[in-house]
Amino acid sequence: MNNIILETERLLLRPFKMGDEEGILEFCSNKLAQQHTGDIVRNTIEEAIDLINDVWLKDYQNYGYGRFAVIHKADNKIIGFNGVKYLSDFGHTDLGYRFLPEYWGKGIATESSKAIIKYAFEKLKLEEIYGFVYPENPASAMVLSKLNFQKIAVKPYPNETKITEWHLLTKSHYERQ
């Protein structure tokens with residue numbers, strides 16, 4: 001899994017690895033980057049290391065895929081993540097992305113997601129990908145719409161109470177584009 005690199009015009013996407021802690025800490029400690037995620041703000045290198053070991057590396061090992069580091073070529077810097085993740089409590093895979101705010105509104109989420117979706121359907125052979133968005137985050141819902149996800153429900157995520165928009169992209173819908 002470590003030798004996978006996806007490339008777009010402006011970005012490199014690759015699995016996270018030890019040594020990425022400082023880049024991870026930059027976006028995981030940014031309250032704006034975390035505000036619409038349901039995730040916690042991480043403020044220490046140790047928390048970034050735990051995220052690498054306890055989430056991303058375990059996902060690669062257990063499921064064969066997970067979130068990727070997104071590196072902005074012009075800056076040679078990790079600016080966030082994008083990738084598909086198997087959600088064991090849900091039994092399905094979702095697309096998730098998060099970026100430093102200075103990279104918002106530049107098409108980075110759409111550009112990186114297109115590479116991830118192609119990889120997910122063509123290499124991983126997934127049949128469907130979900131996307132979950134809080135209604136107060138219309139920019140993220142717009143990204144999913146640009147990627148041809150269809151909104152299928154507005155309800156809480158399993159075992160949560162906060163209302164979430166549920167979006168879905170199937171492989172057959174992707175192939176018809």
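K155 forms a cation-pi arrangement with W166, by the criterion of a distance under 6.0 Å to the ring centre and an angle within 45° of the ring axis. Annotation: cation-pi pair K85/Y63 absent, no NZ/CZ under 6.0 Å from the ring centroid and within 45° of its normal.
The side-chain heavy atoms of L87 and F132, taken from C-beta on, include a pair separated by under 4.5 Å. With contacts defined as side-chain heavy-atom distances shorter than 4.5 Å, the pair Y86/D94 does not qualify. With a 4.5 Å cut-off on side-chain heavy atoms, L95 and L144 count as touching. Two residues are said to be in side-chain contact when any heavy atoms from C-beta on lie closer than 4.5 Å; F121 and I129 meet this criterion. At least one side-chain heavy atom of L11 sits less than 4.5 Å from a side-chain heavy atom of E111. Using a 4.5 Å heavy-atom cutoff, the side chains of Y174 and E122 are in contact. Two residues are said to be in side-chain contact when any heavy atoms from C-beta on lie closer than 4.5 Å; I116 and V84 meet this criterion. A heavy-atom distance below 4.5 Å is not found between the side chains of K114 and T8.
Centroid-to-centroid, the aromatic rings of Y130 and F90 come within less than 6.0 Å. Note: F81 and Y97 fail the aromatic proximity criterion, with ring centroids not under 6.0 Å apart.
Once rounded to the nearest 0.5 Å, the distance linking NE2 of H167 with OG of S140 reads 8.0 Å. Taking CZ of R14 as the start and NZ of K17 as the end, the distance is 4.0 Å to the nearest 0.5 Å. Remark: H92 NE2 to L126 CG distance equals 12.0 Å, nearest 0.5 Å. Atom CD1 of I152 is separated from atom CG of L169 by 11.0 Å, given to the nearest 0.5 angstrom.
No donor-acceptor pair under 3.5 Å is formed between the side chain of S145 and the backbone N or O of A141. Checked by atom type and distance alone, the side chain of Q150 pairs as donor or acceptor with a backbone atom of N148 at under 3.5 Å. No donor-acceptor pair under 3.5 Å is formed between the side chain of Y157 and the backbone N or O of I163. Between the side chain of Y134 and the backbone N or O of K162, no donor-acceptor pair lies under 3.5 Å. With hydrogens and angles disregarded, no donor-acceptor distance shorter than 3.5 Å links the side chain of N76 to the backbone of K73. At distances below 3.5 Å, at least one donor-acceptor pair connects side-chain atoms of R67 with backbone N or O atoms of G83.
Ring geometry, F68 versus Y119: the interplanar angle falls from 30° to 60°, so the pair is classed tilted. Ring orientation note: the planes of H72 and Y103 are tilted relative to one another, at an angle of 30° to 60°.
When every heavy atom of P135 is checked against every heavy atom of T164, the shortest pair comes out as CD-CA, 4.4 Å. Minimum interatomic distance between F16 and D20 (heavy atoms only, all atoms of both residues): CA-OD2, 3.5 Å. Contact between S112 and F99 at its shortest, heavy atoms only, is OG-CZ, 3.5 Å. In terms of heavy-atom proximity, E102 sits nearest to K106 at O-CE, 3.0 Å. The shortest non-hydrogen separation linking A115 to L6 is O-CD1, 3.8 Å. Scanning both residues, D59 and G66, for their nearest heavy atoms gives CB-CA, 4.4 Å.
Side-chain polar atoms of T170 and E128 form no donor-acceptor pair below 3.5 angstrom. For H173 and E175, the side-chain atoms include no donor-acceptor pair closer than 3.5 Å.
Heavy atoms from other residues, nucleotides or ligands lying under 6.0 Å from NZ of K171 number more than 12. Enclosure of atom CG in D89 by more than 12 non-hydrogen atoms of other residues, nucleotides or ligands within 6.0 angstrom is indicated.
With respect to R10 and D75, no salt bridge is recorded, no charged nitrogen being found less than 4.0 Å from a carboxylate O.
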Practice prompt. Go through the steps for N53 and M18 under the test side chain to side chain contact (heavy atoms under 4.5 Å, CB included), then give the verdict.
Written response: CA-CA 8 Å; N53 283 322; M18 296 311 297; 3.7 Å; yes

Worksheet item: L13 and I4: side chain to side chain contact (heavy atoms under 4.5 Å, CB included), yes or no, with the steps?
Response: CA-CA 8 Å; L13 295 86; I4 298 168; over 6 Å; no

Worksheet entry | Steps toward side chain to side chain contact (heavy atoms under 4.5 Å, CB included) verdict (L147, I117) | CA-CA 9 Å; L147 298 167; I117 290 167; 4.0 Å; yes

